[in-house]
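Owing to the predicted nature of the structure, the values given are computational and were not obtained by experimental measurement. We count ligands from 1, going down the list as the structure has it; atoms in each ligand are counted the same way. Side chains are part of it too, since the values below use all heavy atoms of this structure and drop only hydrogens, waters and symmetry mates.
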Amino acid sequence: MKFFVDTAEIDQIKELNDLGMVDGVTTNPSLIAKSGRDILEVTKEICDIVSGPVSAEVVALDADTMLAEGRKLAKIADNIAVKVPLTWAGLKTCKALSDDGIMVNVTLCFSANQAILAAKAGATFISPFIGRLDDLNMDGLDLIEDIRTIYDNYGFETNILAASIRSANHMSECAKIGADVATAPPAVIKAMANHVLTDKGLAGFMADVEKAGIKIL
Ligand code: E4P
């Protein structure tokens, strides 16, 4: 499973990218707003750091303006994936951009039916939002599983990009289901390294290092 990092914070992207943990980046208008940066500038900077797909989201609601925005975003770099919302206008934009050979990430997906339409419209990525479904007491992981089954049944090539990930557990569950990509905030990716038994085991080893005066350097 590929890891995309869900942030527009340059330092965090650099740190994870240097460790080989970043296969791509996702941003959205809220993350751009949080960064306090100009969307075109910060997106260009991210594309210069990361070689994999970098999702940049349109902000218009009608198809014509979305298409113009998408084409402008795509000019930033070859690794841009234009992100469009899963609306009828977004699907029209997805089809037009995909026909032009531009990568498209269809976002705000909350149902299997929506994911089928995105695949039909030629999406490179479909972004089902796990956490926001969980917030409503629904099971976001069930949606990932349903989309995996449907895409496999019919050989749809659209990549399942599990999004709105809130915990380290979501990451391993998505990997078990067979999501192609999971995008997560830097803190969630780092939390994957944590285990209480690792901490306990290390504390025991350190006590023995102290007791025996073990030195390597
Ligand atoms: C990524 O593409 C999404 O925009 C992001 O994962 C949404 O996450 P949130 O539901 O935590 O805002």
Side-chain angles (χ1 to χ4, degrees), residues 1-10 12-13 16-17 21-37 39 42-43 46-47 49-50 52-61 66 69-70 73-74 76 79-87 90-91 93-94 97 102-111 114-115 117-119 121 123-144 147 158-175 177 179-192:
M1 185 174 73
K2 290 187 174 160
F3 278 21
F4 287 3
V5 61
D6 197 27
T7 185
E9 302 301 326
I10 297 293
Q12 311 242 34
I13 293 169
L16 289 166
N17 191 55
M21 304 286 179
V22 176
D23 300 301
V25 174
T26 50
T27 63
N28 62 37
S30 305
L31 294 171
I32 296 291
K34 195 170 159 209
S35 78
R37 304 271 313 272
I39 181 170
V42 74
T43 305
I46 296 169
C47 289
I49 298 165
V50 174
V54 174
S55 290
E57 189 160 344
V58 298
V59 293
L61 295 176
M66 267 189 207
E69 288 179 351
L73 290 169
I76 296 174
N79 55 335
I80 284 286
V82 175
K83 212 173 177 191
V84 299
L86 213 154
T87 58
L91 291 170
T93 309
C94 173
L97 292 172
I102 294 168
M103 287 189 286
V104 182
N105 175 356
V106 180
T107 189
L108 289 168
C109 170
F110 294 95
S111 75
Q114 290 180 316
L117 292 179
T124 316
F125 300 102
I126 181 69
S127 289
F129 277 32
I130 298 175
R132 293 191 196 190
L133 282 169
D134 287 358
D135 291 346
L136 297 178
N137 288 328
M138 298 168 90
D139 192 337
L141 289 166
D142 280 352
L143 175 59
I144 304 292
I147 299 172
T158 300
N159 290 280
I160 301 174
L161 197 178
S164 186
I165 284 185
R166 304 275 167 77
S167 68
N169 216 31
H170 275 156
M171 295 295 275
S172 45
E173 290 302 321
C174 283
I177 292 166
D180 299 289
V181 190
T183 189
V188 170
I189 294 176
K190 288 182 180 174
M192 292 171 74

Undergrad: How close does the nearest protein non-hydrogen atom get to atom 8 (O) of ligand 1, and which residue and atom is it?
TA: S164 CA, 3.4 Å
Undergrad: Output yes when a side-chain donor or acceptor of N159 lies under 3.5 Å from a complementary backbone atom of D180, and no otherwise.
TA: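 No, because the side chain of N159 does not come within donor-acceptor range (under 3.5 Å) of the backbone of D180.
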Undergrad: Using the rule given for side chain to side chain contact (heavy atoms under 4.5 Å, CB included), can you reason through T27 versus E57, listing the C-alpha separation, both sets of side-chain angles and the distance that settles it, and then say yes or no?
TA: CA-CA 7 Å; T27 63; E57 189 160 344; 5.6 Å; no
Undergrad: Can you sort out which atoms of ligand 1 are near R166, meaning under 4.0 Å from one of its heavy atoms?
TA: 9 (P), 10 (O), 11 (O)
Undergrad: Mind checking the CG-OG spacing from N28 to S55? Nearest 0.5 Å is all I need.
TA: 10.0 Å
Undergrad: I13 and V25: side chain to side chain contact (heavy atoms under 4.5 Å, CB included), yes or no, with the steps?
TA: CA-CA 8 Å; I13 293 169; V25 174; 4.1 Å; yes
Undergrad: Evaluate the side-chain proximity of D139 to L133: yes if any heavy-atom separation is below 4.5 Å, no if none is.
TA: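 Contact flag for L133/D139 side chains = no.
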Undergrad: I need the nearest protein heavy-atom contact for atom 1 (C) of ligand 1: residue, atom name and distance, please.
TA: D6 OD1, 3.2 Å
Undergrad: Starting from atom 12 (O) of ligand 1, find the nearest protein heavy-atom neighbour and note its residue, name and distance.
TA: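 The closest one turns out to be R132 NH2, 2.8 Å.
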Undergrad: Starting at CG of L61, measure out to CE of M66 and round the result to the nearest 0.5 Å.
TA: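 One finds 6.0 Å between CG of L61 and CE of M66.
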Undergrad: Can you list the atoms of ligand 1 that are under 4.0 Å from a heavy atom of F129?
TA: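 Every atom of ligand 1 under 4.0 Å from some heavy atom of F129: 3 (C), 4 (O), 7 (C).
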Undergrad: Is it the case that ligand 1 has an N or O less than 3.5 angstrom from some N or O of K83?
TA: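 Yes, since at least one N or O of K83 sits under 3.5 Å from an N or O of ligand 1.
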Undergrad: Students should be able to answer this: which protein heavy-atom is nearest to atom 4 (O) of ligand 1, and at what distance?
TA: N28 ND2, 2.7 Å
